[in-house]
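All remarks here apply to the structure that follows.
Keep in mind that the numbers below use all heavy atoms, side chains included, and drop hydrogens, waters and symmetry copies. Keep in mind that what you see is a predicted model, and the values were worked out from it rather than measured. Note on naming: letters A, B, ... go to the chains in the order of the sequence lines (proteins, then strands), and numbering restarts at 1 for each one.
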Amino acid sequence: DAGVIQSPRHEVTEMGQEVTLRCKPISGHNSLFWYRQTMMRGLELLIYFNNNVPIDDSGMPEDRFSAKMPNASFSTLKIQPSEPRDSAVYFCASSSSTYYGYTFGSGTRLTVV
Amino acid sequence: GESVGLHLPTLSVQEGDNSIINCAYSNSASDYFIWYKQESGKGPQFIIDIRSNMDKRQGQRVTVLLNKTVKHLSLQIAATQPGDSAVYFCAEVIPHAGKSTFGDGTTLTVKP
């Protein structure tokens with residue numbers, strides 16, 4: 001298994017532009033999580049899905065952030081419009097059960113200038 | 001000037017020594033705990049887990065200890081190697097929550 005696959009690995013964009021981050025979870029995993037990691041706040045849970053359904057989006061910072069999971073093998077996190085304070089590393093993780101831990105992707109380093 | 005950001009606990013050890021990384025968790029109802037290792041430029045990686053009905057679990061060179069009385073978790077790494085240098089996170093799971101709650105992390109530096 002190739003693990004959790006995130007794209008792109010790096011993204012540099014100008015303030016105000018739309019940014020879309022992508023994630024392919026491990027086949028068979030029914031839970032998917034989006035995290036943001038910064039020096040200021042550490043690892044923050046943004047949203048998680050179970051069986052493609054959003055369960056908890058209380059961590060999504062603003063309406064500028066949205067996430068979708070149209071099927072079991074793909075999820076997107078979109079920021080529109082992006083702002084410099086959105087600069088962070090965004091991780092996607094998947095799990096077959098909360099009681100088996102998460103498998104994280106390599107992350108997308110987002111820089112908004 | 002004033003520094004901003006999380007002040008992660010740090011631990012510096014000599015290569016070959018044993019390391020102990022500590023974590024205080026928040027919810028007495030948590031019934032499952034996990035340690036993750038995050039190397040520079042990578043995502044966190046599962047190391048070892050323990051359920052609340054246990055107080056010790058051993059893996060390869062790693063041991064996790066759980067003290068539910070004081071809500072404390074520790075990760076012991078035997079014969080620490082330079083490749084163990086990373087940030088270590090503990091995570092707790094509350095039943096039916098469907099998600100893990102991560103701690104702030106501890107930075108381990110291994111000196112050759």
Side-chain angles (χ1 to χ4, degrees), chain A residues 1-7 9-10 21 23-26 29-60 85 87-109, chain B residues 1-10 23-27 29-54 57 59 62 64 66 73 75 86-107:
Chain A
D1 198 323
V4 175
I5 300 172
Q6 291 187 246
S7 64
R9 283 284 278 143
H10 302 274
L21 311 181
C23 176
K24 176 177 168 50
I26 290 176
H29 282 191
N30 60 357
S31 294
L32 183 140
F33 306 83
W34 282 101
Y35 283 86
R36 178 173 68 177
Q37 188 174 41
T38 61
M39 290 295 291
M40 288 287 291
R41 297 176 177 267
L43 201 58
E44 299 175 275
L45 176 64
L46 301 177
I47 185 172
Y48 79 93
F49 296 82
N50 192 47
N51 293 322
N52 312 339
V53 176
I55 302 300
D56 183 353
D57 65 354
S58 59
M60 297 285 262
R85 60 192 168 123
S87 297
V89 181
Y90 291 80
F91 288 104
C92 174
S94 71
S95 175
S96 58
S97 164
T98 307
Y99 292 93
Y100 289 103
Y102 299 170
T103 301
F104 282 81
S106 298
T108 295
R109 180 173 294 277
Chain B
E2 182 180 353
S3 65
V4 295
L6 294 175
H7 292 278
L8 298 185
T10 58
C23 174
Y25 63 93
S26 58
N27 197 314
S30 295
D31 65 350
Y32 179 64
F33 305 88
I34 310 154
W35 280 100
Y36 291 87
K37 172 187 180 184
Q38 185 177 21
E39 297 175 89
S40 180
K42 298 182 180 180
Q45 180 182 18
F46 176 99
I47 302 173
I48 190 168
D49 60 357
I50 188 168
R51 294 187 182 269
S52 60
N53 60 353
M54 304 170 68
R57 188 163 189 222
V62 294
V64 56
L66 175 62
L73 200 62
L75 177 71
V87 177
Y88 289 82
F89 293 94
C90 67
E92 60 183 302
V93 177
I94 303 168
H96 311 302
K99 61 181 180 180
S100 299
T101 300
F102 283 77
D104 290 338
T106 295
T107 300

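Atom CG of A:D56 and atom NZ of B:K99 lie 4.0 Å apart (nearest 0.5 Å).
In terms of heavy atoms, B:I34 sits closest to A:G101 at CD1-CA, 3.7 Å.
Residue with the most contacts toward chain A among B:D49, B:D31, B:T101, B:V87: B:D31 (heavy-atom pairs, distance under 4.5 Å). Chosen from B:G103, B:G41, B:G43, the residue pairing most often with chain A at heavy-atom distances under 4.5 Å is B:G43.
If you measure heavy-atom distances from B:I94 to chain A, the contacts under 4.5 Å come from the backbone alone. For B:Q38, the part lying under 4.5 angstrom from a heavy atom of chain A is the side chain only. When heavy atoms are compared at a cutoff of 4.5 Å, A:I55 does not approach chain B at all. For A:R109, no part lies under 4.5 angstrom from a heavy atom of chain B. Looking at A:Y102, both its backbone and its side chain come within 4.5 Å of chain B, counting heavy atoms on both sides.
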Would you give me the side-chain donor-acceptor pairs under 3.5 Å for residues 46-53 of chain A, sequence neighbours excluded?
| unit_1 | atom_1 | unit_2 | atom_2 | d |
| --- | --- | --- | --- | --- |
| A:Y48 | OH | B:A97 | O | 2.8 |
| A:N50 | OD1 | A:S31 | OG | 2.9 |

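Under the 4.5 Å side-chain criterion, counting only non-hydrogen atoms from C-beta, A:Q37 is not in contact with B:F102.
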